[in-house]
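Every number for a ligand or one of its atoms is a count from 1 in the order of the listing.
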Amino acid sequence: MSTAVIVGAQWGDEGKGKVVDLVTEAADMVVRYAGGPNAGHTLVVGGQKIVVRLVPSGILQPHSMCVMGQGMVVDLEVLFAEIDALEARGVRTGGRIVLSDRAHVILPYHLQIDGLREAGPKKIGTTKKGIGPCYEDKVARRGLRVADLAEPSRIASIVEAALAAWAPVVRALGGEPLGVDAVVRSIDGFRKRALGLMADASVIVDGAIRSKKNVLFEGAQGTLLDVDHGTYPFVTSSPAVAGGACTGSGIGPSRIQHVMGITKAYATRVGEGPFPTELNDDIGERIRQSGGEFGSVTGRPRRVGWLDIPLLRYAARVNGIDAWAITKLDVLTGLDEIRVAHAYGSPAGETLDVPAFGLDAVVPLYRTFEGWTTPLSAARTIDALPASARAIVRFIEEATGVPAHIVSVGQERADTIIVEDVFRR
Ligand code: IMP
């Protein structure tokens, strides 16, 4: 068997899309295990861009099965719009998408509550896709699961109970609770289609592993947005770390062989919350523009900063990362100098440790690297990089104790240094 998890090591948007596209060539199955339409992965089909939020990124590889695990929250309207857009561009999806019977369904009141909260003073800067309220219902044991779609009377009773529970919250936020009928009607048109994709995803993923297929678990968001290990409360509501691949798809930890962490050569974050190496200056703006750092779901400008080694060491620990994919190194081309935070300073001295309760008080200490002007896109080995770019890669490897197996040096698929394949067959 060959199984690998690909996980974001920062705040999401690490360029997972390109890395996952490269890796899925050799993957027989791609499994998403957490999150929902808050994620956005830009695929290029026939020269046109499509952003998929729910369908796993293996969809462009005709041989690859795509599984949406029970750790996910699914907006059926978004899902079927995505599938229809893929089909309209000639991507055959029939028989290739599996939707877990236990995945939770995002309903109109989840979107309403997310929107109302974000309009208030305690906003998190969410994607307003209803993610948080849907997971809240899951944990409160009043969520609607895909399997429930088979019984219309069950849908109505679950929706009724959830609406009653949320009504005081909605009113307190200045909204008007939705009616049961309207909510039920909103999903009625998708019910049969969803049931057509439904299966016990755990059985399917386990079967693929047993028949020695290459199975890729595709994380969503990034480590620092993980509900347990991220910059709480400025996090998403699901596991973003590699461990979530097990609970979110229904397989055990002994089945996972390899965890690849993805990090940009700098850092970005969308939404509120601490960001020790943030750049609020012209250099930040320059990186934002040259890196195209605008949200693929919301279009928001992303906050930009320098790479943060203590956070990468933290991500390596909590995910068990055994190789890095370093992305967007080329975006730094042309800067006079490049900084990398190598430690945090504190009154007690330097430390590499990330404090358990927040990053608000840390002061990053930087190592400075010379800039370079030669484009990187032709490099196919780390040794072929300009000395300073190479030094940054080696510094990341040494400071984290994790080797770089992929370094992306441009937008095109071919603009990639591959030191070692993810599936070593
Ligand atoms: P939510 O997941 O929409 O509830 O948003 C919670 C936090 O996670 C916000 O800061 C979002 O900007 C962030 N977030 C959620 N999904 C992504 C993603 O795919 N990339 C980057 N940030 C995300």
Side-chain angles (χ1 to χ4, degrees), residues 6-20 32-43 51-57 68 71-75 78 82 104 106-107 109-120 122-139 143 173 218-241 244 248 261-264 266-275 278 288 291-305 311 315 327-328 358-359:
I6 291 206
V7 70
Q10 300 170 305
W11 283 280
D13 312 313
E14 294 89 356
K16 279 193 287 299
K18 180 178 160 176
V19 177
V20 169
R32 256 201 64 189
Y33 57 83
N38 47 350
H41 174 184
T42 307
L43 302 176
V51 178
V52 290
R53 298 170 183 174
L54 289 165
V55 176
S57 342
M68 302 170 62
M72 289 189 73
V73 289
V74 179
D75 182 322
V78 173
E82 254 171 47
H104 279 249
I106 297 177
L107 292 161
Y109 44 91
H110 297 135
L111 293 153
Q112 179 194 28
I113 295 154
D114 202 359
L116 286 169
R117 284 179 179 158
E118 287 296 306
K122 287 195 182 158
K123 72 178 176 131
I124 298 284
T126 76
T127 59
K128 299 193 221 169
K129 303 294 175 197
I131 309 294
C134 186
Y135 278 115
E136 286 174 57
D137 273 350
K138 170 179 174 171
V139 178
L173 290 166
E218 179 186 14
Q221 291 81 41
T223 302
L224 297 162
L225 290 174
D226 179 275
V227 65
D228 290 296
H229 301 287
T231 47
Y232 194 89
F234 300 101
V235 293
T236 190
S237 304
S238 59
V241 295
I262 316 219
T263 174
K264 285 191 237 210
Y266 49 94
T268 62
R269 138 161 243 176
V270 246
E272 314 297 313
F275 186 176
E278 183 165 14
R288 182 176 303 114
E293 296 297 352
F294 299 89
S296 59
V297 174
T298 57
R300 289 181 286 181
R302 296 180 182 142
R303 298 159 67 193
V304 173
L311 287 183
T327 61
K328 293 193 152 183
L359 292 167

(request) Output, in order, the C-alpha distance, side-chain angles, deciding distance and verdict of side chain to side chain contact (heavy atoms under 4.5 Å, CB included) for Thr268 and Arg288. (result) CA-CA 9 Å; Thr268 62; Arg288 182 176 303 114; over 6 Å; no
(message) Quick check on Arg302 - does any of its heavy atoms sit under 4.0 Å from an atom of ligand 1?
(response) no
(request) Please determine if Gly40 has a nitrogen or oxygen closer than 3.5 Å to a nitrogen or oxygen of ligand 1. (result) no
(request) Have a look at ligand 1 and work out which part of Phe234, if any, has a heavy atom under 4.0 Å from it: side chain, backbone, both or neither. (result) neither
(request) With heavy atoms only and a cut-off of under 4.0 Å, state how Val235 meets ligand 1: side chain, backbone, both or neither. (result) backbone
(message) Using a 3.5 Å distance criterion without hydrogens, assess whether the side chain of Glu218 forms a donor-acceptor pair with backbone atoms of Ser57.
(response) yes
(request) Could you tell me whether a side-chain N or O of Arg303 sits under 3.5 Å from a main-chain N or O of Gly271, the two making a donor and an acceptor? (result) yes
(message) Could you identify the single nearest non-hydrogen protein atom to atom 11 (C) of ligand 1 and state the distance to 0.1 Å?
(response) Gly125 O, 3.5 Å
(request) Tell me which protein heavy atom sits closest to atom 21 (C) of ligand 1, plus the residue, atom name and distance to 0.1 Å. (result) Asp13 OD2, 3.0 Å
(message) Applying a heavy-atom cut-off of 4.0 Å, say which part of Arg117 lies close to ligand 1: side chain, backbone, both or neither.
(response) neither
(request) Run the numbers for me: atoms of ligand 1, each under 4.0 Å from some heavy atom of Trp11, listed by number. (result) 21 (C), 22 (N)
(message) Quick one about Asp137 and His110 (side-chain donor to acceptor, distance below 3.5 Å, no hydrogens or angles considered), yes or no?
(response) yes
(request) For atom 3 (O) of ligand 1, grab the closest protein heavy atom and report residue, atom and distance to one decimal in Å. (result) Thr127 OG1, 2.6 Å
(request) Please indicate whether any nitrogen or oxygen in Arg269 is less than 3.5 Å from any nitrogen or oxygen in ligand 1. (result) no
(message) Please compare Leu225, Thr236, Asp226, Asn38 and report which has the shortest non-hydrogen distance to atom 14 (N) of ligand 1.
(response) Leu225
Donor-acceptor pairs are to be reported for all side-chain atoms of residues 122-130 against protein atoms at under 3.5 Å, with residues two or more places apart or in another chain.
| residue | atom | partner | partner atom | Å |
| --- | --- | --- | --- | --- |
| Thr126 | OG1 | Asp114 | OD1 | 2.9 |
| Thr126 | OG1 | Lys128 | N | 3.0 |

(request) For Gly271, take its heavy atoms, then give the atoms of ligand 1 lying under 4.0 Å from any of them. (result) 10 (O)
(request) State whether the shortest distance between N or O atoms of Ser237 and N or O atoms of ligand 1 falls below 3.5 angstrom. (result) no
(request) Check whether any side-chain heavy atom of Lys264 sits under 4.5 Å from a side-chain heavy atom of Glu293, and report yes or no. (result) yes
(request) Report yes or no: do Thr327 and Glu14 form a side-chain donor-acceptor pair below 3.5 Å? (result) no
(message) Is it the case that the side chain of Arg117 and the backbone of Gly120 share a donor-acceptor pair, with hydrogens and angles ignored and the cut-off at 3.5 Å?
(response) no
(message) Taking side chain to side chain contact (heavy atoms under 4.5 Å, CB included) as the definition, give me every residue that meets it alongside Leu359, ordered by chain and number, with sequence neighbours left out.
(response) Trp11, Thr231, Pro274, Pro276, Leu311, Tyr344, Val354, Pro355, Val362
(message) Could you identify the single nearest non-hydrogen protein atom to atom 10 (O) of ligand 1 and state the distance to 0.1 Å?
(response) Val270 O, 3.1 Å
(request) Name the closest protein heavy atom to atom 17 (C) of ligand 1, giving the residue it belongs to and the distance to 0.1 Å. (result) Gln221 CG, 3.4 Å
(request) Locate the shortest heavy-atom distance separating Glu82 from Val51; write the atom from each residue and the value. (result) CG-O, 4.2 Å
